[in-house]
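In what follows, a structure is listed as structure tokens, so that the remarks can point back to it.
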Amino acid sequence: MSEVPGYVPHTDAEMATMLEFLGLGSLDELFSVVPEALRLVARPAGEAGGRRYLDLPDGLGEPDVLAEVERLALANVACTGWGVAPDAGLVCFAGGGAYDHEVPQVVPALAGRSEYVTAYTPYQPEVAQGVLQALFEYQTMVARLSGLAVANASLYDGASASVEAANLAAAVTGRGSAWVSTGVHPHWRATLATFAAGTGLDLTSAPLVGGTTSWKTPPAPAPAAVVVQHPNYLGCLEDLAAARRAADELGALLVVAFDPVSAGLVRTPGSWGADVVVGEGQPFGTPLSFGGPYLGLFACRLEHVRRLPGRLVGETLDARGRTAYVSTLRTREQDIRREKASSNVCTNQTLIAVACAIQLAWLGTSGLRELALRCARATRYTRERLLAIDGVEPLVEGATLREFAVRLPVAPAVVVERLADDGFLAGVVLGDEGGTGGDYGEGLLVAATERRTRSEIDAYSEALAKVLR
Amino acid sequence: MSGAVDGPQPGGRAASAPLLGRQAEPTVFELSSPGRRAWSFRSSDLPSWQAHELVPPEHLASEPVALPELSERDLVAHHTRLTSRQYSVDLGAYPLGSCTMKYNPKLADATAGLAGLARVHPAAPAALTQGWLELLVGLGTSLAEITGMSAVSLQPPAGAAGELTGLLIMRAHHAHVGGSGAVRTKVLIPDSAHGTNPASVTLGGYRTVTVPSDHRGCVDMGALRRLLDDEVAGIMLTNPNTLGLFEEDIAEIAQAVHEIGGLVYYDGANLNAILGVTRPGDMGFDIVHLNLHKTFAVPHGGGGPGAGPVAVTEALAEYLPGPLPVLSHGRYHWQTPSRSIGRVHGWHGNTLALARAYAYVLATGGDGLRRVAEAAVLNANWLRQRLRGHYEIPYDRPCMHECVVSAAGLRRTHGVRATDVAKRLLEHGFHAPTVSFPLVVDEALMIEPTETESPQTVAALAQALIDIAATASPEDRHAPRGTPVARVDEARAARRLTATFDARGQG
């Protein structure tokens with residue numbers, strides 16, 4: 001037996017006493033209901049003699065576990081920042097739905113409090129006011145960022161939020177298709193396609209022309225939703241008025257996948273008439289994390305609240321008339337509606353939503369605007385430096401804000417590989433999205449967040465120029 | 001502010017912290033004081049272009065989005081006070097049936113905090129992320145061994161996502177092998193199943209057909225056989241089921257479903273009961289999802305993030321969501337299976353949660369995992385035995401990791417319902433069990449002590465439940481007392497919906 005037997009506190013003597021209380025002679029007898037032929041044995045010391053056992057190593061002590069996971073962590077090349085020595089990490093110019101923003105220490109300090117970390121879905125509101133109120137505050141901030149009346153308490157990520165938005169639109173309109181801009185993140189579109197196999201949702205693509213979506217050739221029959229990302233995957237600001245018109249002409253809902261950081265500078269999707277707003281909440285409080293857990297933002301007009309997927313927290317009173325919070329409109333949810341539910345979401349991303357709410361409050365009104373401004377400045381400066389290099393061309397001409405795409409005279413994958421040797425994560429390679437490649441042509445998607453300095457950007461553009469020479 | 005800075009003004013309440021969370025906490029919006037700030041950024045030395053130079057005029061926001069404005073100190077005080085109003089596993093026993101609220105070892109927190117894992121971009125080339133890919137392959141291999149399956153996708157971010165992924169694999173399999181002309185439209189689910197099962201079935205494009213339970217609380221074999229025809233795509237089972245009972249006929253069930261060309265799906269919600277004791281693959285299951293936030297100690301986070309990997313037999317491996325991390329020629333890379341159903345997540349799944357689970361598997365090991373199941377099942381059976389005579393036990397046979405008792409007797413004698421028992425238990429300092437589920441039991445209390453609660457804690461939990469039954473009175477409908485808030489008016493919340501601070505007063 002290992003020294004740490006599964007964090008089980010029972011001593012052998014205690015186990016024996018408990019078994020005696022049950023009239024059992026051994027732990028094996030607890031499993032007498034499991035047919036003999038299906039049973040494994042404890043791992044034998046010698047030969048198994050034909051008996052099957054779980055073929056995994058014995059448990060390790062904590063220092064050995066930490067040494068092993070640290071070995072794995074050191075086998076990655078992380079991005080620079082707290083905990084990564086500048087000469088050991090990559091200066092990050094990659095975005096494409098995952099951004100290298102600063103996460104202030106106050107976020108892990110608070111979101112890491114074990115009352116938040118080790119609770120579960122607030123089924124007992126009388127002892128869950130902490131999580132419930134934090135989610136209520138999160139919902140309020142997401143609603144304000146999106147410009148819509150109501151936001152849910154989180155979904156898994158931007159991709160899953162897009163799927164739920166399309167399903168909501170289908171339920172509201174009674175229609176079976178969605179018209180999706182090619183400017184929507186290719187992984188999100190791939191996820192939409194995967195789940196459409198079950199719901200039968202028919203997906204039609206609207207092409208990008210000059211960097212923004214063309215809504216000129218609407219599909220027939222009319223779709224449930226017009227889905228657009230703003231700024232889109234190539235970083236271009238979309239014409240949301242045109243998207244709204246397209247939706248109106250078809251009687252469809254307008255679903256806007258927005259960037260919550262850009263919301264510090266640009267008009268809210270709600271102000272353009274969006275019916276549903278989705279987004280990736282990772283930029284607020286979540287490190288790059290190799291892609292998860294991230295945060296699906298989801299907001300909609302009040303008229304659709306009874307079709308809202310996932311949890312929703314509402315304010316109410318307790319029996320003594322004091323303000324209290326509780327999961328509400330529960331009859332929408334899968335555990336009550338069962339096969340009639342329009343979403344199966346149960347466990348979602350509460351802790352990530354709480355982290356998001358903490359970082360948004362840390363930023364405040366002025367900080368969000370400052371963050372968006374700094375990202376836009378860094379991106380503008382990076383773009384000007386890169387376009388000054390011989391052979392670097394903009395991939396598309398549309399106005400960009402926090403990210404942009406360039407065409408290079410050398411294969412982008414090769415550029416990324418070479419620049420890694422110089423200490424840069426040069427960007428996201430376009431056409432490498434798996435399944436949806438070819439939508440944009442070959443290119444490199446480059447993002448610069450508020451963490452990028454002038455000297456980093458200068459060094460990056462010089463390294464790129466050297467590789468292209 | 002009107003000159004005065006004392007009294008219940010916004011901002012600056014940090015010094016008057018209530019103890020034990022009995023006092024209401026203002027919202028962060030009420031604590032806001034215009035112009036106050038916590039933020040700071042890296043000095044960047046970049047040209048200071050202004051907003052109108054960076055954003056086309058039609059896109060420029062006319063006014064900034066209003067967010068709370070407070071000092072870091074006030075923000076810390078706010079959330080610290082909120083957490084004083086929150087129960088958690090770290091505080092005490094959390095016997096919420098079917099949720100496996102076990103202790104979450106702190107070494108997993110340290111793992112998730114490693115910069116070499118947390119600061120890695122998901123689109124970085126595989127050559128730069130070999131450690132991550134090795135970790136994912138290591139976890140997938142371990143989960144395959146634990147479940148007795150051949151291949152694993154780690155992408156699904158939660159149990160329900162894993163269920164739907166499994167059903168889409170089922171659908172892809174039938175579409176591919178099809179041929180007989182029969183269209184498979186139905187998925188069978190026991191009447192004791194979790195609500196996510198039928199919801200996932202609908203989203204998977206199938207129709208739910210309910211299989212009744214028999215007098216043992218298990219699948220009624222006769223009824224099952226009558227429901228099996230060539231329109232059945234498969235069956236979804238939780239084993240042990242939601243009554244905490246092992247489906248003894250599982251091999252026979254699997255065989256019967258396989259005979260009509262259907263697939264057998266394992267809902268891993270209750271896997272904790274059988275770790276190292278028996279495996280879904282050996283029982284005849286084709287598709288398995290796991291809840292790493294239950295069985296593998298990933299903290300539940302107040303309702304996520306979790307992780308819901310899907311494991312399948314060799315015959316179904318080609319349908320798994322991709323890309324998958326694979327090892328070949330000594331290097332790890334990404335590969336999408338030939339008939340993959342596609343992506344089910346924006347990136348590679350809830351990776352930092354996966355890293356936590358891997359640390360737990362390493363620390364626990366094959367020997368420890370079996371010990372987990374033994375202690376979990378021992379605790380649940382001891383509790384069931386201890387509660388005998390105090391609560392009705394509807395299916396009175398040895399249980400696995402959880403037991404379901406009924407408060408129907410208390411309702412008859414005192415008008416006290418399962419919910420009231422749950423609220424009374426909060427007064428005793430324990431979290432409540434799952435209430436009113438499974439639906440097949442009247443006034444159900446579904447209790448899962450988990451393996452990490454000591455015999456003394458389980459005894460104290462049992463004593464609290466016994467005391468509650470012994471002192472039951474109509475007054476219990478007003479429980480709980482002494483909690484941060486009293487019984488919450490859920491009906492009012494729905495009737496006068498106030499889901500944001502801005503909707504206050506509009507409900």
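Sequence lines set the chain letters: A, B, ... in the order given, protein chains first and strands last, and positions in each chain run from 1.
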Could you tell me which portion of B:R492 (side chain, backbone, both or neither) has an atom closer than 4.5 angstrom to a non-hydrogen atom of chain A?
both
Assess whether a salt bridge exists between B:E145 and B:R279, defined as any Lys/Arg side-chain N lying under 4.0 Å from an Asp/Glu carboxylate O.
yes
Cut-off 4.5 Å, heavy atoms of chain A, and the answer for B:H121 is both
Chain B contact via A:A399 - side chain, backbone, both or neither, heavy atoms under 4.5 Å
side chain
The interface call for B:A172 against chain A, heavy-atom contacts under 4.5 Å, is neither
With a 4.0 Å cut-off, would you call A:E315 and B:R504 a salt bridge?
yes
Side chain / backbone / both / neither for B:V201 at chain A, heavy atoms under 4.5 Å:
neither
Less than 4.5 Å to any heavy atom of chain A: does that hold for the side chain of B:P323, its backbone, both, or neither?
neither
Can you tell me which portion of B:L117 sits under 4.5 Å from chain A's heavy atoms? Options are side chain, backbone, both or neither.
both
Check whether A:L265 gets within reach of chain B through its side chain, its backbone, both or neither, counting any heavy atom under 4.5 Å.
both
The test is side-chain contact (heavy atoms from CB on, under 4.5 Å); show your working for B:R37 and B:E69 and say whether it passes.
CA-CA 6 Å; B:R37 65 175 242 204; B:E69 297 175 277; over 6 Å; no
Does the side chain of B:Q130 pick up a donor-acceptor pair with the side chain of B:E134 at under 3.5 Å?
no
Ring geometry between A:W188 and A:H185 (parallel below 30°, tilted from 30 to 60°, perpendicular above 60°):
parallel
May I ask you to say whether B:R42 pairs ionically with A:E102, meaning some side-chain N is under 4.0 Å from a carboxylate O?
no
Do you know which of A:V127, A:V106, A:T121 has the most heavy-atom pairs under 4.5 Å to chain B?
A:V127
So what's closer than 4.5 Å to chain B heavy atoms on A:V313: side chain, backbone, both or neither?
backbone
I'd like to know which of A:A98, A:A324, A:G89 tops the heavy-atom pair count under 4.5 Å against chain B.
A:A98
For the interface with chain B, which of A:G200, A:A159, A:A94 has the highest count of heavy-atom pairs at distances below 4.5 Å?
A:A94
Max heavy-atom pair count under 4.5 Å with chain A, selected residue of B:L75, B:T208, B:L203:
B:L203
Counting only non-hydrogen atoms closer than 4.5 Å, does A:S343 touch chain B with its backbone (N, CA, C, O), its side chain (CB onward), both, or neither?
backbone
Top contributor to chain A interface from B:L168, B:V277, B:V361, B:L362 [non-hydrogen pairs under 4.5 Å]:
B:V277
At a 4.5 Å cut-off on heavy atoms, which part of A:A143 comes close to chain B: side chain, backbone, both, or neither?
side chain
Mutual orientation of the aromatic rings belonging to B:F29 and B:F501 [parallel < 30°, tilted 30-60°, perpendicular > 60°]:
parallel
Does any backbone or side-chain atom of B:Y94 lie under 4.5 Å from a heavy atom of chain A? Answer side chain, backbone, both or neither.
side chain
Option that, when pairs with chain A are counted at under 4.5 Å, heavy atom only, ranks first among B:T202, B:V372, B:L352:
B:L352
B:A375 portion near chain A, given a 4.5 angstrom heavy-atom threshold
both
No-hydrogen, no-angle side-chain donor-acceptor test under 3.5 Å, A:Q349 and B:N350:
yes
Where does B:P480 contact chain A at under 4.5 Å (heavy atoms): side chain, backbone, both or neither?
side chain
Check whether more than 12 heavy atoms from other residues, nucleotides or ligands sit under 6.0 Å from atom CZ of A:R369, and answer yes or no.
no
Measure A:E68 against the heavy atoms of chain B and call it side chain, backbone, both or neither at under 4.5 Å.
side chain
Is it the side chain or the backbone of B:R487 that comes within 4.5 Å of chain A heavy atoms, both, or neither?
both
Between B:H345 and A:Y156, is the ring centroid distance below 6.0 Å?
no
Indicate yes or no: does B:K423 engage A:E126 in a salt bridge with an N to O separation below 4.0 Å.
yes
Heavy-atom cut-off 4.5 Å, strictly under: side chain, backbone, both or neither for B:I274 against chain A?
neither
Heavy-atom pair of closest approach, residues A:V84 and B:A115:
CG2-CB, 3.6 Å
Turns out that what part of A:I336 lies under 4.5 Å from chain B's heavy atoms comes down to neither
Which atoms of B:M283 are under 4.5 Å from chain A, going by heavy atoms: the side chain, the backbone, both sets, or neither?
both
Polar side chain donor-acceptor pair, B:D489 to A:T316, under 3.5 angstrom:
no
Name the option with the most non-hydrogen atom pairs under 4.5 Å to chain B; the candidates are A:F195, A:Y123, A:Y53, A:W82.
A:F195
Top residue by heavy-atom pair count (under 4.5 Å) with chain B, among A:P9, A:G97, A:S455?
A:P9
Salt bridge check: are B:D282 and A:R39 linked by an N-O gap of less than 4.0 Å?
no
A:E14 portion near chain B, given a 4.5 angstrom heavy-atom threshold:
side chain
Please look at B:L426 and chain A and tell me whether the side chain, the backbone, both or neither of the residue comes under 4.5 angstrom of a heavy atom of that chain.
side chain
Top contributor to chain B interface from A:A341, A:G130, A:A197 [non-hydrogen pairs under 4.5 Å]:
A:G130
Go through the atoms of B:S43 and report whether side chain, backbone, both or neither lie under 4.5 Å from a heavy atom of chain A.
backbone
Give a yes or no on whether the ring-centroid distance for B:W382 and A:F21 is below 6.0 angstrom.
yes
Using 30° and 60° as the class limits, which term best fits the ring planes of B:W49 and A:Y381: parallel, tilted or perpendicular?
tilted
